[in-house]
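Notes for the one structure printed next.
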Protein chains: 2
Amino acid sequence: MNRSILILPANDLGLFTDLYELTMAQAFYQQGMFAPATFSLFARQYPPNRAYLVAAGLDDVLAYLENFHFSPDNLDYLRSTGIFDGNFLEYLKDLRFTGSVRAIPEGRLFFANEPVLEVTAPIIEAQIAETFIINQVNFQSLLTTKAARCVFAAQGRPLADFAARRTHGIDAALKMARCGYIAGFQSTSNVLASQRYGIPPSGTMAHSLISSFVSEIDAFRAYAESFPDRAVLLLDTYDTIQGAYHAAVVAREMKAAGHKLVAVRLDSGDFADLSQRVRRILDEANLGYVKIVASGGLDEYEIERLVQAQAPIDSFGVGTKVGVSADAPWSDMAYKLVAYNGRSVMKLSADKASMPGPKQVMRLLDTNGKFSRDIIAQSDESLPGAEPLLQSVMSNGQPTAPSPTLDEIRNTLANDLQRLDDQHKGLYNPPHYPVGISGQLEQLARQVRSNIEES
Amino acid sequence: MNRSILILPANDLGLFTDLYELTMAQAFYQQGMFAPATFSLFARQYPPNRAYLVAAGLDDVLAYLENFHFSPDNLDYLRSTGIFDGNFLEYLKDLRFTGSVRAIPEGRLFFANEPVLEVTAPIIEAQIAETFIINQVNFQSLLTTKAARCVFAAQGRPLADFAARRTHGIDAALKMARCGYIAGFQSTSNVLASQRYGIPPSGTMAHSLISSFVSEIDAFRAYAESFPDRAVLLLDTYDTIQGAYHAAVVAREMKAAGHKLVAVRLDSGDFADLSQRVRRILDEANLGYVKIVASGGLDEYEIERLVQAQAPIDSFGVGTKVGVSADAPWSDMAYKLVAYNGRSVMKLSADKASMPGPKQVMRLLDTNGKFSRDIIAQSDESLPGAEPLLQSVMSNGQPTAPSPTLDEIRNTLANDLQRLDDQHKGLYNPPHYPVGISGQLEQLARQVRSNIEES
């Protein structure tokens with residue numbers, strides 16, 4: 001399997017950046033500023049109804065940094081804009097990423113204000129990488145968090161990603177499949193994601209199959225003939241209850257021929273009520289083994305409601321609302337300069353202040369091995385008994401280790417979620433997990449602030 | 001310029017589909033169902049606070065259909081899943097898209113329930129294309145609509161797309177730049193989109209530039225030295241008002257050297273108040289030509305508020321909330337079978353019924369040339385004086401004409417918006433534009449429904 005999916009050919013990635021990254025790079029170049037800088041990526045606050053975030057997107061960042069360069073075609077374009085200096089463009093020709101990256105591994109939980117990734121590199125390299133890094137980590141963390149909330153709400157019932165058609169483009173569709181799988185989904189309907197990431201593919205049938213036949217039962221029979229051991233029949237093209245009777249007839253025909261109908265799917269209407277009625281129809285036809293899948297407009301809130309209503313739904317297909325993280329489609333993730341040339345720096349903007357210097361996040365456990373609190377500290381602090389979360393993942397522009405597999409990342413998340421108290425996983429305004437700041441870091445922030453205010 | 005940006009290499013696109021498209025294709029294949037089908041793409045309802053949608057995404061659909069095929073690698077993967085029949089996989093090897101497409105051109109307004117695109121092709125070809133078609137048209141229409149709302153709110157003030165870092169991935173970032181430009185934005189910060197689509201690039205500076213220097217004014221001077229005629233200085237790294245005084249000093253130094261500071265940028269705090277105070281500082285320094293740019297958390301609602309407050313802001317940079325269409329990150333767009341083998345079909349699901357048969361959308365104008373109402377009709381109906389919106393864009397798998405340029409699409413939208421009554425453009429619960437259904441189409445729907453209910 002690939003380290004990652006660079007959705008664009010590596011030759012195009014140099015230009016995937018904001019113009020100001022490049023104009024600032026030229027100013028740094030012309031000022032002779034090649035010293036190392038540290039940039040820190042963190043979420044300023046929680047999206048609504050969230051009290052944790054799941055780290056995701058690092059693998060794409062590492063692949064991007066490894067491939068980082070400007071092709072001759074890229075440079076021709078930059079020259080054509082008339083914005084850039086010829087010497088600077090010559091300099092860009094040989095520019096590669098030579099720095100280091102420390103990061104909280106994918107699948108681990110992190111909290112607001114905690115750096116999830118820190119880049120230390122000559123300032124020009126670290127600056128240009130900003131746009132791609134925020135883009136991937138922000139939305140993959142957001143989608144994985146949304147998916148993890150669905151898994152929590154489903155309480156053990158399997159989930160499938162059906163989002164490909166309503167995500168924001170192709171990259172998002174592929175990453176949604178990946179994020180869902182990390183969060184614990186069982187499968188994806190996205191065949192390309194299935195191939196590229198090794199995620200089990202899944203699918204049922206669409207209304208078009210039913211309506212292309214003159215009668216619903218003929219369509220069911222045709223599909224069962226093609227897939228005698230993996231058919232899932234869609235009930236609501238015309239009338240869900242009538243559809244359930246038709247499915248029961250076909251399921252019994254399949255049974256007589258030595259096959260099993262796997263499931264039926266509900267895709268509209270009141271799922272709590274319909275699932276009860278359909279379950280009864282199937283059970284009365286001695287089809288207790290036929291499962292019920294629900295899909296259509298589902299998110300963690302609706303799944304929780306259905307689980308609490310004890311709706312006899314065996315698994316959920318989630319699409320649109322999860323694929324766009326509908327109730328929180330963005331997070332306030334920022335990539336801020338925290339040190340340049342050995343000097344700690346910070347920003348003081350109203351409501352957007354950042355903390356200075358390279359950092360470490362320390363996680364403290366209670367006696368049962370559960371998370372008790374985190375402390376954001378300076379990168380060189382140590383705290384006995386605490387687990388430091390940021391790890392070195394790239395050094396001198398090269399990854400320090402092979403990427404974990406998707407299954408390893410999935411296990412990492414499952415472990416972390418098990419060690420986080422359930423109260424923080426609640427779907428509605430969960431209380432925040434305690435995150436402190438070390439005395440040393442606080443003191444540094446006071447000092448940097450006063451240096452700035454005096455200057 | 002490319003017809004479009006296929007973000008994935010064409011070899012991968014065969015697998016960018018939902019598994020069920022392929023399992024249904026196998027059932028059609030095994031039943032000998034190769035007759036033409038028509039699928040219709042439409043939005044079931046308006047996203048919140050919207051009363052129009054802008055057609056976008058067609059160019060990507062045409063590029064996809066032209067390139068549609070399964071590579072040997074794709075087929076190997078499908079074989080490895082154990083789901084598919086060998087004969088069917090052989091059939092897929094030579095499958096190309098041979099059908100026709102009718103569509104409402106990009107940049108035109110359309111309304112709920114109106115087909116924005118219809119595909120007529122052998123059912124297998126039309127079915128497999130579903131996932132990609134919905135994916136691109138849904139989110140590009142959504143983003144263009146959001147961007148058009150911002151342009152309306154800004155009342156002539158220029159807008160720039162700054163969204164690349166917070167869109168849902170790379171495809172979304174590129175398409176946001178394209179959608180913004182169609183909607184009337186002046187520029188994008190996304191350099192790759194700028195290159196690929198020919199959109200003017202724009203950018204200012206980030207806080208990191210300021211904080212990498214020991215003092216703000218030194219950073220301003222360095223940037224002005226690198227870009228003496230195109231600098232925009234960011235004021236809020238430490239304190240916006242103090243930043244404005246520093247910018248004024250540097251602007252006067254630039255002036256003395258024969259250069260002009262282009263603008264200053266506000267990125268946090270109360271923009272209405274800060275813009276007044278900063279304007280005063282600049283004007284008192286005889287810098288009336290220095291413009292004020294605002295960015296940070298802006299969307300159409302906030303832009304309208306600032307314009308109404310007569311904030312002296314000359315242009316807006318919009319990012320996150322527009323790039324994810326934050327208040328409406330999804331729409332209920334569906335691609336439904338409406339005819340198979342000459343027979344009109346429809347779906348009756350609760351709240352999700354579809355209208356049968358291939359259609360045309362007729363737009364009626366009033367005596368001033370403004371839109372008065374639309375009528376959804378059967379595809380072969382004619383209505384004197386009405387403009388039919390769906391045009392033939394692909395025939396026998398080939399585009400019927402070159403794609404319009406981005407500027408042409410932008411003009412199309414500007415024209416359409418001028419002809420739509422302003423009441424429908426309001427940002428809060430605008431009244432719906434009148435859309436009727438022709439008598440002939442209603443009669444067909446009744447007939448198809450009764451055929452289904454009797455069968």
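Keep in mind that the numbers below use all heavy atoms, side chains included, and drop hydrogens, waters and symmetry copies. Protein chains get the first letters and strands the later ones, always in sequence-line order, with residue 1 at the start of each. Because the structure is a prediction, the values reported are computed rather than measured.
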Quiz item: Hey, mind stepping through D12(A) and R196(B) against salt bridge (charged side-chain N to carboxylate O under 4.0 Å, His left out) and telling me if it holds?
Solution: CA-CA 10 Å; D12(A) 289 321; R196(B) 294 256 190 129; 2.6 Å; yes

Exercise. Without swapping roles, check the side chain of R166(A) against the backbone of M333(B) for a donor-acceptor pair under 3.5 Å.
Key: yes

Quiz prompt | Leading residue by heavy atom contact count with chain B [cutoff under 4.5 Å; candidates Y223(A), W330(A), F132(A), F227(A)] | solution = F227(A)

Quiz prompt | Verdict with supporting geometry, Q195(A) and N74(B), side-chain hydrogen bond (donor to acceptor under 3.5 Å, both in side chains) | solution = CA-CA 9 Å; Q195(A) 181 212 31; N74(B) 294 166; 5.0 Å; no

Quiz item: Heavy-atom distance under 4.5 Å between the side chains of H207(A) and K336(B), does that happen here?
Solution: yes

Quiz prompt | Residue selection (most heavy-atom pairs with chain A, distance under 4.5 Å) from L78(B), V214(B), T81(B), L142(B) | solution = V214(B)

Quiz item: With no hydrogens and no angle check, is any side-chain donor or acceptor of H168(B) less than 3.5 Å from a backbone partner on P329(A)?
Solution: yes

Quiz prompt | Structural part of A37(A) lying under 4.5 Å from a heavy atom of chain B | solution = neither

Practice problem: Ignoring hydrogens and angles, tell me if any N or O in the side chain of N190(A) forms a donor-acceptor pair with the backbone of F16(B) under 3.5 Å. | Solution: no

Quiz prompt | Which of N135(B), D239(B), V338(B) touches chain A most, by non-hydrogen pairs under 4.5 Å | solution = N135(B)

Practice problem: Test S194(B) against Y77(A) for side-chain hydrogen bond (donor to acceptor under 3.5 Å, both in side chains), laying out the working first. | Solution: CA-CA 9 Å; S194(B) 168; Y77(A) 174 68; 2.3 Å; yes

Practice problem: Pick one of side chain, backbone, both or neither for T204(B), based on which atoms fall under 4.5 Å of a heavy atom in chain A. | Solution: both

Exercise. Tell me, with the steps shown, if S208(B) and M24(A) meet side chain to side chain contact (heavy atoms under 4.5 Å, CB included).
Key: CA-CA 9 Å; S208(B) 56; M24(A) 288 190 286; 4.1 Å; yes

Practice problem: Flag the pair K347(A) and D236(B) as a salt bridge only when some basic side-chain nitrogen lies within less than 4.0 angstrom of an acidic carboxylate oxygen. | Solution: no

Quiz item: When heavy-atom pairs shorter than 4.5 Å are enumerated against chain A, which of A172(B), S226(B), G203(B) gives the highest number?
Solution: S226(B)

Quiz item: Of the listed residues (E130(B), E453(B), Q127(B)), which shares the most heavy-atom pairs with chain A below a 4.5 Å separation?
Solution: E130(B)

Self-check item: Per-residue contact mode, F88(A) against chain B (heavy atom under 4.5 angstrom)
Solution: neither

Exercise. For chain B, find which of N138(A), T131(A), T237(A) contributes the most heavy-atom pairs closer than 4.5 angstrom.
Key: T237(A)

Quiz item: Given P201(B), which of I83(A), L22(A), T23(A) fulfils the side chain to side chain contact (heavy atoms under 4.5 Å, CB included) condition?
Solution: I83(A)

Practice problem: Counting only heavy atoms closer than 4.5 Å, note whether I170(A) contacts chain B via side chain, backbone, both or neither. | Solution: both

Quiz item: Side chain, backbone, both or neither: which part of L209(B) has an atom under 4.5 Å from a heavy atom of chain A?
Solution: both

Quiz prompt | Contacting region of D73(A) [heavy-atom separation from chain B under 4.5 Å] | solution = both

Exercise. Find out whether V324(A) and F139(B) are in side-chain contact, i.e. whether some heavy atom of one side chain is under 4.5 Å from a heavy atom of the other.
Key: no

Quiz item: Is chain B contacted by the side chain of M33(A), its backbone, both, or neither, given a heavy-atom distance below 4.5 Å?
Solution: side chain

Quiz item: chain A heavy atoms under 4.5 Å from I452(B): which part of the residue, side chain, backbone, both or neither?
Solution: side chain

Quiz item: Of all heavy-atom pairs between L8(A) and L192(B), which one has the smallest distance, and what is that distance?
Solution: CD1-CD2, 3.4 Å

Exercise. Could you walk me through whether V232(B) and Y20(A) pass the side chain to side chain contact (heavy atoms under 4.5 Å, CB included) test, one step at a time?
Key: CA-CA 10 Å; V232(B) 177; Y20(A) 79 0; over 6 Å; no

Practice problem: Could you tell me which of A173(A), S202(A), A328(A), S215(A) has the largest number of non-hydrogen atom pairs under 4.5 Å with chain B? | Solution: S202(A)

Exercise. Return the option, out of F39(A), F84(A), F162(A), F213(A), with the maximum number of heavy-atom pairs under 4.5 Å with chain B.
Key: F213(A)

Self-check item: Among the listed options E21(A), Q136(A), Q31(A), the residue most often paired with chain B at heavy-atom distances under 4.5 Å
Solution: Q31(A)

Quiz item: How many angstroms lie between atom CG of L19(A) and atom CZ of R230(B), to the nearest 0.5 angstrom?
Solution: 6.0 Å

Quiz prompt | Taking every non-hydrogen atom, the tightest pair across D171(B) and G169(A) | solution = OD2-CA, 3.4 Å

Quiz item: Out of V137(A), L235(A), I134(A), L13(A), which one racks up the most heavy-atom pairs below 4.5 Å with chain B?
Solution: I134(A)

Quiz prompt | Heavy-atom pairs under 4.5 Å with chain A, option from D18(B), V345(B), L337(B), I133(B) with the top count | solution = D18(B)

Quiz prompt | Nearest atoms (heavy-atom pairs only) where S212(B) meets R343(A) | solution = O-NH2, 2.9 Å

Practice problem: Considering only heavy atoms and a distance below 4.5 Å, find which of T240(B), T167(B), D270(B) pairs most often with chain A. | Solution: T167(B)

